[in-house]
Amino acid sequence: GAGVSQSPSNKVTEKGKDVELRCDPISGHTALYWYRQSLGQGLEFLIYFQGNSAPDKSGLPSDRFSAERTGGSVSTLTIQRTQQEDSAVYLCASSLSGTSGYEQYFGPGTRLTVT
Amino acid sequence: DQQVKQNSPSLSVQEGRISILNCDYTNSMFDYFLWYKKYPAEGPTFLISISSIKDKNEDGRFTVFLNKSAKHLSLHIVPSQPGDSAVYFCAAIPSTSGTYKYIFGTGTRLKVLA
């Protein structure tokens, strides 16, 4: 069966431009998570969706970051006015539920480079 | 404030020997601990987990040990195989978060030498 997919796999953008990163979770998974991994760092939690709502946005680093999820499926992470420190691998994960069944399945990530 | 720490960025082990990957944590309110494995250009994949009420969990060649008094977690791989070469992340789930939000360590790159 299909796993979590993310697009694009690589994105190079100029400082100050906006970018959108897409995540297609596993069908039937109600919970969706965004993480990022900066160079030499662990995976940093950004936001969690249960269905289309986001009960935990505590990891978003600034108001330039936003995310939405539609139809309980696809999610988009948007970074406005990108900065060089936004360069990282952005990983999406999904799980059956956000309140039980704790195994999260990860996508391959989007490598974002801000020049 | 790094709540989950993997102090060894890399580890090399001969094929057939034991690999021991370590993880320390600072928060006593973690419910579960997990290990994920990551190959280049792929997302992390789940390997093994342990509940905070247990001290050992075994799955084939992989065993996770939890020492709550020392706030220490370790993953043992026996025997190590070249295909085990990857980056290993430990992760913890805080019981107070209300969600299954993982807190990850920085990872340890394991290289198994043939």
Side-chain angles (χ1 to χ4, degrees), chain A residues 2-10 21 23-26 29-51 53-60 67 88-111, chain B residues 1-10 21-27 30-54 57 59 64 73 86-109:
Chain A
V4 177
S5 61
Q6 292 185 245
S7 61
S9 54
N10 280 286
L21 311 179
C23 172
D24 282 90
I26 293 173
H29 280 192
T30 63
L32 186 147
Y33 306 80
W34 283 98
Y35 296 86
R36 76 174 175 182
Q37 185 181 16
S38 303
L39 192 63
Q41 303 296 313
L43 281 75
E44 174 191 7
F45 169 82
L46 298 179
I47 188 169
Y48 151 67
F49 286 93
Q50 181 62 41
S53 65
D56 190 343
K57 306 179 184 180
S58 61
L60 294 177
V89 176
Y90 289 82
L91 288 154
C92 174
S94 70
S95 66
L96 275 171
S97 166
T99 55
S100 65
Y102 46 83
E103 182 177 344
Q104 295 181 14
Y105 296 83
F106 283 81
T110 293
R111 181 176 296 278
Chain B
D1 177 23
Q2 191 73 27
Q3 296 187 63
V4 178
K5 300 178 185 178
Q6 293 177 258
N7 293 317
S8 298
S10 64
L21 298 111
N22 294 304
C23 181
D24 296 295
Y25 60 95
T26 57
N27 187 341
F30 288 132
D31 263 351
Y32 288 100
F33 300 88
L34 309 95
W35 284 94
Y36 272 73
K37 179 168 75 172
K38 185 180 184 303
Y39 293 118
E42 295 183 12
T45 55
F46 172 75
L47 195 56
I48 193 169
S49 66
I50 188 167
S51 164
S52 60
I53 62 173
K54 299 198 172 181
N57 188 27
D59 183 1
V64 57
L73 186 71
V87 177
Y88 289 78
F89 291 95
C90 67
I93 302 173
S95 57
T96 55
S97 74
T99 68
Y100 279 79
K101 176 172 72 179
Y102 291 2
I103 298 176
F104 281 93
T106 51
T108 296
R109 183 177 301 277

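Since the structure is predicted, the reported quantities are computational estimates derived from the model, not experimental observations. Letters A, B, ... are given to chains in the order of the sequence lines, protein chains preceding strands, and every chain is numbered from 1.
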- Task: Can you tell which part of A/Leu91 gets under 4.5 Å to a heavy atom of chain B, answering side chain, backbone, both or neither?
- Result: side chain

- Below 4.5 Å, heavy atoms only, C-beta onward: do A/Val4 and A/Asp24 meet side chain to side chain? no

- Considering all heavy atoms, the nearest A/Thr110-A/Gln6 contact: N-NE2, 3.8 Å

- Item | Taking every non-hydrogen atom, the tightest pair across B/Ser52 and B/Phe30 | CB-O, 3.4 Å

- Is it true that a side-chain atom of B/Asp31 and a backbone atom of B/Pro94 form a donor plus acceptor pair closer than 3.5 Å? no

- Residue part contacting chain B, namely of A/Ser9, when any heavy atom lies under 4.5 Å: neither

- Message: What part of A/Gln37 gets within 4.5 angstrom of chain B, counting heavy atoms only: side chain, backbone, both, or neither?
- Response: side chain

